Amino acid sequence: MRAHLARVDAVLVQAVIAAALSFAHIHDVALAAGQDGWKAWAYPISVDLLLVAAWRRLRTGPSKATGWCWFVIALAASLGANIATAGLLDLDDVPAWLRILVAGWPAVAFLGGTLLVHSAPQPEEEDPVVLEDEPEPPAPVPPALIEHARKIATEHRTRTGRPIETATLRARLGVPTPMAEAIAGHL
């Protein structure tokens with residue numbers, strides 16, 4: 001356990017250092033491209049938030065293409081700033097094309113973030129989880145609750161080799177029996 005914590009801490013420290021350096025590089029490029037004050041600080045935040053939103057879509061969303069597309073775009077912006085500040089670009093004489101890219105970035109980041117957060121990913125086909133032998137007509141249940149119940153039922157089947165019973169599902173979700181029965185009807 002202690003070795004695992006030490007490994008996590010080392011990774012976390014490296015991630016914080018890398019993020020701080022990348023943040024500073026993006027800030028420096030934005031500042032050199034004419035974005036001063038709070039605007040220069042907003043650029044690295046927008047790049048990092050787009051990276052996080054894309055990474056979250058890659059980790060949790062069934063539709064990976066959108067996540068990869070925006071992850072690559074945000075990574076290119078971050079990597080480009082890191083390389084530009086490595087001495088390959090004269091920050092005192094920024095070319096017009098870079099000024100245009102920096103000026104256009106907020107629209108790109110807004111579009112990407114909006115598409116990542118508000119687009120409905122296409123669900124993957126799943127094997128239905130059978131809870132009990134008797135059919136129950138499904139009642140209206142919030143989709144997020146059904147999805148959570150599906151994960152619990154799948155984990156239960158994996159762990160025990162048996163379908164989850166409605167009473168167990170009710171206890172795990174902390175919902176009344178009629179709601180658990182309605183959820184079971186959806187699964």
Side-chain angles (χ1 to χ4, degrees), residues 1-16 18-20 22-23 42 44-78 105-187:
M1 175 74 172
R2 182 170 267 179
H4 177 69
L5 288 176
R7 187 174 64 240
V8 170
D9 288 345
V11 170
L12 182 60
V13 168
Q14 180 174 351
V16 168
S22 181
F23 191 95
I45 293 170
S46 72
V47 172
D48 289 346
L49 286 178
L50 187 58
L51 275 170
V52 169
W55 181 248
R56 188 172 194 286
R57 173 58 72 93
L58 288 172
R59 301 268 315 201
T60 60
S63 174
K64 305 287 189 236
T66 302
W68 274 114
C69 174
W70 290 105
F71 185 81
V72 168
I73 290 170
L75 185 62
S78 180
W105 175 256
V108 171
F110 179 76
L111 175 65
T114 301
L115 291 174
L116 286 168
V117 173
H118 294 293
S119 64
Q122 298 298 317
E124 293 179 347
E125 287 191 29
E126 298 179 359
D127 293 332
V129 177
V130 178
L131 296 176
E132 294 180 359
D133 292 332
E134 61 185 74
E136 295 167 347
V141 178
L145 186 55
I146 293 170
E147 188 61 33
H148 181 62
R150 188 169 282 125
K151 289 176 185 174
I152 289 172
T154 301
E155 182 271 329
H156 179 83
R157 180 184 289 272
T158 301
R159 190 171 32 85
T160 66
R162 297 185 326 265
I164 194 168
E165 297 174 354
T166 303
T168 305
L169 183 63
R170 184 197 65 74
R172 294 280 308 274
L173 291 173
V175 296
T177 301
M179 178 63 84
E181 290 172 351
I183 293 168
H186 284 279
L187 301 177

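Keep in mind the model is a prediction, meaning the values are calculated, not measured. No hydrogens, no waters, no symmetry mates; every other heavy atom, side chains included, goes into these values.
When side chains are defined from C-beta on, Glu147 counts as touching Arg150, because their heavy atoms get closer than 4.5 Å. Looking at heavy atoms from C-beta onward, Ile164 lies out of side-chain contact with Leu187 at the 4.5 angstrom threshold. For the pair Trp105 and Val108, the minimum side-chain heavy-atom distance is below 4.5 Å. For the pair Val47 and Phe23, the minimum side-chain heavy-atom distance is 4.5 Å or more. Side-chain contact between Leu50 and Leu116 is present, with heavy atoms from C-beta onward closer than 4.5 Å.
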Enumerate, atom names and distances included, each donor-acceptor pair closer than 3.5 Å involving a side-chain atom of residues 67-75, sequence neighbours excluded.
none

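Atom CG in Leu173 sits 5.5 Å away from atom CG in Leu145 (nearest 0.5 Å). Here the straight-line distance linking atom CD of Glu181 with atom NE2 of His186 works out to 12.5 Å at 0.5 Å rounding. In this structure, Thr166 OG1 and Met179 CE are separated by 13.5 Å, a value rounded to the nearest 0.5 Å. To the nearest 0.5 angstrom, Ile152 atom CD1 is 11.0 Å from His156 atom NE2.
Ser22 places no side-chain N or O within 3.5 Å of a backbone atom of Ala18 that could act as its donor or acceptor partner.
When all heavy atoms are compared, the tightest approach of Leu58 to Lys64 is O-NZ, 3.0 Å. When every heavy atom of Arg170 is checked against every heavy atom of Val175, the shortest pair comes out as CG-O, 2.6 Å.
Within 6.0 Å of the CZ atom in Arg159, the count of heavy atoms belonging to other residues, nucleotides or ligands exceeds 12.
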